[in-house]
Undergrad: 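Here you go, one structure.
Counting convention: from 1, in listed order, for ligands and their atoms alike.
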Amino acid sequence: MPIGEFELIERYLSRLGAQRDDVVLGVGDDAALLRPPPGLELVLATDTIVEGEHFPAGMAPADIGHRVLAVNLSDLAAMGAEPAWALLALTLSRADPEWMREFASGLHEIARQHGVALVGGDTTAGPFTATVAIAGFVPPGQALRRSGARPGDEIWVSGTPGDAAAGLQVLLGQLDAPADVLEPLQQKFRRPEPRIGLGLVLRGIASACIDISDGLAGDLGKLCAASGVGGDIDSTLLPRSAAMRGAMDPEAARRVALAGGDDYELLFTLPPGTDAAALERAAGVAITRIGLVVEGTGVAVDGEPVEREIGHGFDHFR
Ligand code: ADP
Ligand code: MG
């Protein structure tokens with residue numbers, strides 16, 4: 001039985017995520033009241049997910065709840081920020097309590113995991129979209145930016161980019177392989193893991209950082225443009241998961257690693273001589289050197305400028 005907007009909010013969204021002492025007043029009033037830690041810089045980001053555009057229609061509601069926070073957490077990770085509070089603007093075609101319960105549980109789980117409290121939002125009727133606005137903190141001057149890469153820096157990436165795009169192909173029934181090969185890929189698309197811990201350890205060390213949402217090569221292009229440098233990728237260095245080896249031939253895997261989206265891994269540059277093994281241990285996630293920052297502009301893969309369709313990444317208006 002459908003329920004009303006206010007009941008929906010009260011029942012499923014009013015105590016969602018971590019309980020934090022710095023929330024003076026959360027869901028329920030006209031606005032949230034928060035107590036930012038003195039002396040820290042506030043980091044804000046917002047991201048919307050649209051059914052059919054960012055995830056296939058019919059995806060499990062808990063996965064959608066996970067995703068809408070994960071994509072926002074990933075932006076904070078790329079800045080080296082520690083997440084704290086989130087707002088959620090939801091547009092729903094109908095108020096289905098069962099759907100809402102599962103959506104809220106997926107959202108709650110990842111919010112708790114990262115210490116994020118849901119402090120407010122807005123709920124409206126219409127074609128489904130979910131927007132989170134997230135806030136976090138960083139010590140003054142220590143945020144990671146896209147703009148600090150210098151020629152001679154090494155280009156590094158976390159995880160195994162391409163898996164999520166392959167996982168989307170699995171969900172859409174476009175990739176065929178044994179189930180034990182396909183399952184981890186699907187999981188990477190359904191439950192992206194924002195690299196908050198890695199972002200924190202990269203503070204004061206990485207010269208530039210971006211999260212990969214639209215494809216490695218395209219997002220590297222953005223980092224390079226912001227830094228006023230070029231980037232050379234050696235595709236033989238691209239990390240490949242065991243699942244990917246089983247699911248795709250090397251050329252298809254190379255392409256999807258460079259052009260596929262939705263990884264939410266971090267792509268960053270390290271000055272030469274950085275102790276990457278220590279970083280990896282501190283972050284608890286695998287990182288791989290894939291190339292070099294050079295003088296000039298644009299991204300090259302194995303010496304060739306990246307093809308147009310790879311190099312620009314995903315663009316909603318093209
Ligand atoms: P107003 O009309 O004053 O904007 P609303 O009726 O929209 O208030 O919201 C009532 C309370 O519920 C507010 O505290 C708001 O932040 C919260 N809220 C509304 N929608 C959501 C949502 N999707 N997620 C979290 N909190 C929400
Ligand atoms: Mg409102």
Undergrad: Between Leu16, Leu87, Leu107, Leu13, flag the one that comes closest to atom 24 (N) of ligand 1 by a heavy atom.
TA: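 Heavy atom nearest to atom 24 (N) of ligand 1 belongs to Leu13.
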
Undergrad: Relative to the heavy atoms of Val27, which atoms of ligand 1 are at a distance of less than 4.0 Å?
TA: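 Those atoms are 12 (O), 14 (O), 17 (C), 26 (N).
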
Undergrad: Does Ser74 reach the main-chain N or O of Val71 with its side chain, forming a donor-acceptor pair under 3.5 Å?
TA: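 Judged by distance alone, no pair lies under 3.5 Å.
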
Undergrad: Compute the shortest N/O to N/O distance between Leu90 and ligand 1 and return yes if it is under 3.5 Å, no if not.
TA: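 No, there is no polar N/O contact under 3.5 Å.
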
Undergrad: Could you check which of Thr123, Leu118, Ile9, Thr131 puts a non-hydrogen atom nearest to atom 12 (O) of ligand 1?
TA: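 Of the listed residues, Ile9 has the closest heavy atom.
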
Undergrad: Identify the two heavy atoms, one from Asp262 and one from Ala164, that lie closest to each other, and give their separation to 0.1 Å.
TA: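 Closest heavy-atom pair between Asp262 and Ala164: O-CB, 3.2 Å.
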
Undergrad: Tell me, please, which residues at least two apart from Glu98 pass side chain to side chain donor-acceptor pair (under 3.5 Å).
TA: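 Once residues adjacent in sequence are excluded, the partners of Glu98 under the side chain to side chain donor-acceptor pair (under 3.5 Å) criterion are Arg101.
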
Undergrad: Taking C-beta and beyond as the side chain, do Val27 and Leu13 meet within less than 4.5 Å on heavy atoms?
TA: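 A side-chain contact under 4.5 Å is absent here.
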
Undergrad: Ignoring hydrogens, just give me the one of Leu25, Leu8, Asp29 whose non-hydrogen atom is nearest atom 10 (C) of ligand 1.
TA: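 Nearest option to atom 10 (C) of ligand 1, by heavy atoms: Asp29.
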
Undergrad: Could you grab the distance from atom CG of Leu216 to atom CG of Leu238, nearest 0.5 Å is fine?
TA: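 It is 6.5 Å, given to the nearest 0.5 Å.
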
Undergrad: Show which atoms of ligand 1 fall inside a sub-4.0 Å distance from at least one heavy-atom site of Phe6.
TA: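 By the 4.0 Å cutoff, the relevant atoms are 6 (O).
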
Undergrad: In terms of atom number and element, which parts of ligand 1 are under 4.0 angstrom from non-hydrogen atoms of Gly28?
TA: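 Atoms satisfying the 4.0 Å criterion: 11 (C), 13 (C), 14 (O).
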
Undergrad: What I want to find out is whether Arg150 reaches Glu295 closely enough, with some N-O distance under 4.0 Å, to be called a salt bridge.
TA: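 The answer is no: the pair does not qualify as a salt bridge.
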
Undergrad: Judged on heavy-atom distance to atom 16 (O) of ligand 1, which of Ser14, Ala104, Gly121 sits nearest?
TA: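 When every heavy atom of Ser14, Ala104, Gly121 is considered, Gly121 comes closest to atom 16 (O) of ligand 1.
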
